[in-house]
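One structure is given here, and the rest of the page talks about it.
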Amino acid sequence: MRKSVFGIAAILLVLLCITLLLSLGAGSVMIPSDVVWQQVITGFTGENVQVSRILFDIRLPRSLFAAMAGASLGLTGLLMQTISQNDLADPYILGVSSGAGAGAVICIVTGLSTMLLGYGVYIGAFVGAALATASVLLLSGRNDNPLRLVLMGIGVSAIFSALTMFAIYAAKDEAQVRSAMFWLLGSLTGIQWKVVPVMMISLTVLILFCWLYRHELDIMLLGSEEARSLGMSYQRLQRMSVIMASVSAAVVTSIAGVIGFVGLIVPHMARRIGRPDHASMLWVTVLLGALVMVVADALARSLFRPEELPIGILTSFLGAPVFLWIIWRQYAR
Amino acid sequence: MHDKDMLLETRKLSLNIGDKNVLCEVSAHFFENQITAIIGPNGSGKSTLLSFLTRKRVVGETNGTDGEVLFCGNPLSDMSSQSFARLAAVLPQFHHTILDFYVEDIVLMGRFPFKEKFQDYTAEDREKVRIAMEKAGVSHLALRKAGGLSGGELQRVMIARTLAQDTDLLFLDEPTNHLDVKHKLALMHLLRGCDKTVVAVLHDLSLVAQYTDYVVAMKGGKVYAKGKTEEVLKPEILEEIFEVPFLRFEQDGKIYLNY
């Protein structure tokens with residue numbers, strides 16, 4: 001019955017591996033794919049030490065991170081869409097990104113970023129995201145109307161955006177403003193091995209959550225009343241999913257900045273090519289999200305060589321038209 | 001006294017929303033292995049009564065409620081929603097359709113109440129789904145997406161999901177909605193033959209006359225009449241409830257109504 005999904009997943013996996021390899025060659029220094037392959041099979045101990053260093057220290061962690069971040073964003077988007085029963089929802093609709101943005105920018109502007117062992121921006125983003133999530137949860141209260149949740153997200157998001165604007169406006173130092181803006185645009189520049197394990201743990205927990213609750217998430221789509229008449233505690237799962245999605249989005253955002261539209265577009269594509277139940281959606285979304293991000297990142301660093309385009313700009317340029325197209329189609333009547 | 005065991009009972013059940021009496025001291029009984037129809041004009045409180053019987057509304061939790069709802073003599077509110085879902089299946093009047101889901105996956109959701117935490121659906125579940133789809137006449141739709149179905153087909157899919165729960169108790173809110181004559185009769189026949197306790201809100205009085213054992217007739221939030229079907233479905237009672245003239249005749253022990 002699920003054969004078709006296995007097929008799709010296998011194809012996506014192969015594509016992902018190929019793209020990952022190819023992406024290693026892309027960047028300010030273009031490395032031919034046969035050299036990349038040589039390096040990979042020798043465990044990055046080729047005779048050209050400089051190439052080995054570029055591939056292993058800079059590009060490999062970055063590409064791996066991109067893949068995992070994409071998978072995480074896609075899956076978070078799927079969760080958000082299920083919770084809100086609105087397939088235009090994405091990880092940022094609950095204000096997580098604005099919260100994380102405000103937190104990070106405030107840290108940069110106040111100089112807190114240089115303190116806290118250099119983890120200031122990450123911690124700031126994380127605290128901001130958590131604050132935003134908590135506000136949305138508190139404000140929507142014991143009400144399980146998905147629309148209320150989404151609208152609260154928009155409202156909270158507006159407040160945090162205003163905070164961000166204020167922080168940037170109030171900043172005294174030109175360099176701080178530039179640094180804050182750069183972070184808001186979303187970028188994978190300077191991703192190092194040290195953040196890879198964090199991303200890996202976060203993604204694993206998210207996948208595990210979605211897998212364990214796959215049937216519950218299906219039932220959730222029926223709405224609170226029918227879910228309850230099938231004996232499911234709707235509100236509990238709703239809350240757990242919101243927290244899960246927020247934490248995952250905060251992890252990605254605190255490391256890579258604001259990367260929009262991946263969480264929105266990827267579940268849409270997954271729904272088109274696979275089955276719509278969460279057991280199937282889960283794997284297709286993870287693989288597709290990873291694939292999309294690796295491709296996007298490879299493009300971001302090679303399109304305007306030797307300059308690099310912040311990936312957030314690229315995903316918005318590519319994602320926004322798709323978003324418009326979805327609305328155009330979906331609300332045609 | 002009645003000759004059947006009472007399964008569900010409401011005692012002086014009232015619901016006030018604002019200054020409106022949606023339900024007013026409703027006392028009704030529902031018997032084991034019998035089909036009970038709730039009838040009445042639009043807005044008479046039929047679905048509201050059903051919402052209390054199905055725990056969608058709970059006395060004490062919902063604002064403006066008073067009275068009792070008893071299941072086997074105990075307050076229904078004592079039961080968890082999972083244990084209730086294992087005993088009773090509910091077909092709502094308006095359902096949320098997940099348009100891009102396959103029919104078999106939707107029907108399979110009827111097995112959800114019986115799953116322990118993180119337990120997957122088993123071959124036994126899928127067998128029950130197969131039987132339920134057969135009974136509801138939707139086997140041929142198994143691999144279709146819900147979004148492409150007609151209103152009647154969708155209603156039968158929802159009936160299949162309700163049957164897949166395989167409970168002794170069925171609550172159906174206007175189950176014959178969207179169904180053509182053939183499928184209406186097939187459904188009622190199925191209910192008649194399945195030896196379950198059925199509580200159904202029904203509009204089609206000829207179906208009520210032919211297929212139900214008991215009737216609770218509502219008007220303006222109150223129970224206007226209740227009892228065995230042949231006792232309630234009398235022209236003088238129906239005319240008072242629906243405010244149109246009725247004609248009743250009997251043939252071969254069956255009641256026929258015309259209006």
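Lettering of chains follows the sequences in order, A, B, ..., and the numbering in each one begins at 1. These numbers come from a predicted model, not from an experiment.
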Practice task
Apply salt bridge (charged side-chain N to carboxylate O under 4.0 Å, His left out) to the pair B:D125 and B:K115, showing each step before the final yes or no.
Solution key: CA-CA 10 Å; B:D125 291 319; B:K115 300 286 102 182; 2.5 Å; yes
Practice task
Indicate yes or no: does B:R156 engage B:E153 in a salt bridge with an N to O separation below 4.0 Å.
Solution key: no
Fill in the blank from the handout: Taking every heavy atom of A:T76 against every heavy atom of A:A245, the minimum-distance pair comes out as CG2-O, 3.2 Å
Handout entry: Which portion of B:M79 sits near chain A, non-hydrogen atoms under 4.5 angstrom
Key = neither
Practice task
Report yes or no: is the cationic atom of A:R275 (NZ for Lys, CZ for Arg) closer than 6.0 Å to the six-membered ring centre of B:Y102, at no more than 45° off its axis?
Solution key: yes
Practice task
Go through the steps for B:R11 and B:E9 under the test salt bridge (charged side-chain N to carboxylate O under 4.0 Å, His left out), then give the verdict.
Solution key: CA-CA 7 Å; B:R11 287 186 190 160; B:E9 181 187 8; 3.1 Å; yes
Handout entry: Aromatic contact, B:Y214 with B:F30 (centres under 6.0 Å)
Key = no
Problem - Side chain / backbone / both / neither for A:Q85 at chain B, heavy atoms under 4.5 Å - result: side chain
Exercise for the section: Among B:Q82, B:M109, B:Q119, single out the residue with the greatest number of heavy-atom pairs under 4.5 Å to chain A. Expected result: B:M109
Exercise for the section: Flag the one option from B:K117, B:R55, B:Q165 with the top tally of heavy-atom pairs under 4.5 Å to chain A. Expected result: B:K117
Problem - B:F84 portion near chain A, given a 4.5 angstrom heavy-atom threshold - result: neither
Handout entry: Residue B:R86 versus chain A: region with a heavy atom under 4.5 Å
Key = neither
Handout entry: Interchain contact, B:F171 with chain A, by part (heavy-atom threshold 4.5 Å)
Key = neither
